[in-house]
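Structure, as structure tokens:
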Amino acid sequence: QVQLVESGGGLVQAGGSLRLSCAASGRSFSNYAMGWFRQAPGKEREFVAAITWSGGSVFYADSVKGRFTISINNALNTVYLQMNSLKHEDTAVYYCAAAPSGSSWYGRPGHPYWYNYWGQGTQVTVFL
């Protein structure tokens with residue numbers, strides 16, 4: 001059974017930092033890409049960042065470029081999202097997801113359609 005378990009969310013003041021983790025288990029992910037998405041109350045789920053399992057390709061939403069960094073530890077089957085210079089508008093539930101990293105995914109790595117495994121989410125709240 002595939003499981004993606006997020007952790008590391010919490011309450012942080014604007015300008016602060018948090019690091020999210022996503023532990024993946026239940027299958028081999030060597031041909032998968034991992035992504036982070038977020039959903040704020042009343043808004044649609046939006047893409048944050050993605051990385052191939054090898055770590056060779058990374059993608060970011062424009063809204064987080066220069067502030068967030070996605071990385072992967074293959075030995076631990078864990079994906080991280082380092083979030084710096086947090087803003088109030090970063091407040092959301094953050095989800096980890098996994099997608100087969102074929103040509104379709106490379107064409108649109110931020111589209112939720114390609115991701116067939118999802119975690120339960122972790123809440124990030126940034127207060128002013």
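Please read these numbers as outputs of a predicted model, since none were measured by experiment.
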Would you indicate whether Glu89, at its atom CD, is surrounded by more than 12 heavy atoms from other residues, nucleotides or ligands within a distance under 6.0 Å? yes
The complete set of side chain to side chain donor-acceptor pair (under 3.5 Å) pairs with one or both residues in residues 7-25, sequence neighbours excluded, reads Ser17-Asn84
Joining Ile, Leu, Val, Met, Phe, Trp and Tyr whenever any side-chain heavy atoms lie under 4.5 Å apart, the cluster holding Leu11 also takes in Phe127
What about Trp36 and Tyr113, same hydrophobic cluster or not, with Ile/Leu/Val/Met/Phe/Trp/Tyr joined at side-chain heavy-atom distances under 4.5 Å? no
dist His88:NE2 -> Leu128:CG (nearest 0.5 Å) comes out at 5.5 Å
Taking Val58 as the starting point, is it possible to reach Leu20 by hopping between hydrophobic residues whose side chains are less than 4.5 Å apart? yes
Here the gap from Gln3 atom CD to Arg27 atom CZ, rounded to the nearest 0.5 Å, amounts to 14.5 Å
Rounded to the nearest 0.5 angstrom, the OH-OG1 distance for Tyr94 and Thr122 is 10.5 Å
Note: Ala50 and Pro109 closest approach over all heavy atoms is CB-O, 4.4 Å
Apart from Val5 itself, its cluster of hydrophobic side chains linked below 4.5 Å comprises none
Under a side-chain separation threshold of 4.5 Å, the hydrophobic residues clustered together with Tyr80 are Leu76
Applying side chain to side chain contact (heavy atoms under 4.5 Å, CB included) to Val12 and not counting sequence neighbours gives Leu18, Leu86, Val126
Nearest heavy-atom approach of Ala40 to Ala92 is N-CB, 3.8 Å
Residue pairs passing the disulfide bond (SG atoms under 2.5 Å apart) test with at least one member in residues 51-128, sequence neighbours excluded, are Cys22-Cys96
Verify same cluster id: Val64, Ile70 (apolar side-chain graph, 4.5 Å): yes
Taken in chain and number order and not counting sequence neighbours, the residues that satisfy side chain to side chain contact (heavy atoms under 4.5 Å, CB included) with Arg108 are His111, Trp114
Do Val48 and Tyr95 have side-chain heavy atoms sitting under 4.5 Å apart?
no
By ring-ring contact (aromatic ring centres under 6.0 Å, His included), Phe37 pairs with (sequence neighbours left out) Phe47, Tyr115, Trp118
Within a reach of under 6.0 Å around CD of Glu46, are more than 12 heavy atoms found that belong to other residues, nucleotides or ligands?
yes
Residues 64-78 vs side chain to side chain donor-acceptor pair (under 3.5 Å), sequence neighbours excluded, gives Asp62-Lys65, Arg67-Asp90
Would you say that Tyr106 contacts Ser104 through its side chain, given a criterion of any heavy-atom pair below 4.5 Å between the two side chains?
no
Are the aromatic rings of Tyr32 and Trp53 close, with centres under 6.0 Å apart?
-> no
Sorted by chain and number, sequence neighbours left out, side chain to side chain contact (heavy atoms under 4.5 Å, CB included) with Ser63 holds for Arg38, Ala61
Residues passing the side-chain hydrogen bond (donor to acceptor under 3.5 Å, both in side chains) test with Ser103, sequence neighbours excluded, are none
Under 4.5 Å between any side-chain heavy atoms of Val124 and Met83, yes or no?
-> yes
Residue set satisfying ring-ring contact (aromatic ring centres under 6.0 Å, His included) with Tyr60, at least two apart, ordered chain then number -> none
Exercise for review: Identify whether Leu4 and Trp105 are in the same connected component of the hydrophobic contact network (ILVMFWY, side-chain heavy atoms under 4.5 Å).
Suggested key: no
